[in-house]
Amino acid sequence: MNERIKELRKALQLNQTEFGSRIGVKQTTVAGYENGTRVPLDAVISSICREFDVNEDWLRNGEGEMLIKKTRNQEIAEFMGDILKGEPDFRRRLIAVLARMTPVEWEMLERKMNEIANEP
């Protein structure tokens with residue numbers, strides 16, 4: 001499992017300190033997991049899987065894909081949840097504007113997006 005933890009961390013482009021802070025452990029603990037001198041508790045494995053959307057079978061046994069594939073609806077729901085629990089920012093203001101748009105405004109926005117997407 002130690003190699004897979006390191007592979008995951010590198011795939012996420014996190015250093016050991018950043019990875020550890022996301023799952024509630026210190027950098028030295030992550031280093032121990034990666035070099036095989038420490039074995040993560042089941043609670044830590046659950047934290048890794050939950051925090052980074054990791055397939056637990058892959059993490060424990062090397063079977064299957066590293067990351068759990070999300071549906072588009074799951075991605076949208078997660079995005080909205082992050083916006084609602086965070087501080088007001090541009091994303092929240094944008095969603096508020098979109099929520100007040102009329103059907104005609106949605107059509108105009110769609111046309112403009114299509115126009116922009118087709119530009120070189």
Side-chain angles (χ1 to χ4, degrees):
M1 185 180 331
N2 57 322
E3 300 90 9
R4 288 185 296 280
I5 291 174
K6 186 173 187 175
E7 181 182 347
L8 171 65
R9 179 180 60 76
K10 289 186 175 223
L12 297 169
Q13 300 180 341
L14 298 173
N15 63 36
Q16 291 177 337
T17 302
E18 294 164 335
F19 186 88
S21 73
R22 298 267 301 267
I23 60 169
V25 300
K26 295 182 179 182
Q27 178 275 327
T28 53
T29 303
V30 174
Y33 296 156
E34 290 184 1
N35 68 29
T37 59
R38 298 187 77 144
V39 176
L41 299 170
D42 286 341
V44 172
I45 292 170
S46 293
S47 291
I48 291 170
C49 293
R50 182 181 55 252
E51 179 66 26
F52 302 113
D53 297 314
V54 173
N55 175 349
E56 188 170 340
D57 285 337
W58 176 84
L59 185 58
R60 289 183 183 273
N61 310 309
E63 297 172 1
E65 297 294 320
M66 177 191 296
L67 301 176
I68 296 170
K69 304 280 189 213
K70 294 180 189 176
T71 67
R72 186 66 179 142
N73 285 346
Q74 288 170 322
E75 289 175 346
I76 292 168
E78 188 173 295
F79 175 74
M80 294 303 295
D82 288 346
I83 289 173
L84 293 174
K85 70 182 174 189
E87 293 295 317
D89 62 1
F90 171 74
R91 297 175 309 161
R92 188 180 285 185
R93 291 190 319 270
L94 176 62
I95 297 299
V97 168
L98 294 174
R100 292 189 301 267
M101 287 174 52
T102 67
V104 170
E105 291 169 327
W106 277 104
E107 289 174 16
M108 288 175 23
L109 179 59
E110 183 177 16
R111 280 194 306 277
K112 188 63 175 173
M113 277 185 45
N114 289 335
E115 181 183 310
I116 291 169
N118 290 328
E119 287 188 2

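One-based numbering along the sequence shown.
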Over all heavy atoms of both residues, which pair between [X] and [Y] is shortest? Give the atoms and the distance, please.
X	Y	answer
Val30	Gly20	CG2-CA, 3.6 Å
Glu105	Arg100	OE1-O, 4.1 Å
Ile48	Leu8	CG2-CD2, 3.6 Å
Glu18	Leu14	OE1-CA, 3.4 Å
Lys70	Glu78	NZ-OE1, 2.5 Å
Pro88	Arg92	CG-NH1, 3.6 Å

Query raised in the report: Is there a donor in the side chain of Asn73 and an acceptor in the side chain of Thr71, or the other way round, less than 3.5 Å apart?
Result: no
Give, for atom [atom1] of [X] and atom [atom2] of [Y], the distance between the pair rounded to the nearest 0.5 Å.
X	Y	atom1	atom2	result
Ser46	Ile23	OG	CD1	11.0 Å
Asn15	Gln13	CG	CD	11.5 Å
Glu34	Gln27	CD	CD	9.0 Å
Trp106	Arg111	CH2	CZ	14.0 Å
Ile83	Ile95	CD1	CD1	4.5 Å

Query raised in the report: Can Glu7 and Arg4 be counted as an ion pair, charged N to O under 4.0 angstrom?
Result: no
Query raised in the report: Can a salt bridge be assigned to the pair Asp82 and Lys85 using a cut-off of 4.0 Å between side-chain N and carboxylate O?
Result: yes
Report summary line: The residue among Met1, Arg9, Glu3 that forms side-chain contact (heavy atoms from CB on, under 4.5 Å) with Ile5 is Met1
Give the cluster check for [X] versus [Y]: same hydrophobic cluster or not, with ILVMFWY residues linked at side-chain heavy-atom distances below 4.5 Å.
X	Y	result
Ile76	Met101	yes
Leu67	Val44	yes
Leu41	Val39	no

Requested in this report: Look at atom CD of Glu65 and say whether more than 12 heavy atoms of other residues, nucleotides or ligands are closer to it than 6.0 Å.
Outcome: no
May I ask you to test the [X]-[Y] pair for a side-chain heavy-atom distance under 4.5 Å?
X	Y	value
Phe90	Arg93	yes
Arg22	Phe52	yes
Leu109	Leu98	yes
Tyr33	Val25	yes
Asn55	Met66	no
Phe79	Arg91	yes

Query raised in the report: Would Val54 and Ile68 count as a side chain to side chain contact (heavy atoms under 4.5 Å, CB included) if you check the C-alpha gap in whole Å, the side-chain angles of each, and the deciding distance to 0.1 Å?
Result: CA-CA 6 Å; Val54 173; Ile68 296 170; over 6 Å; no
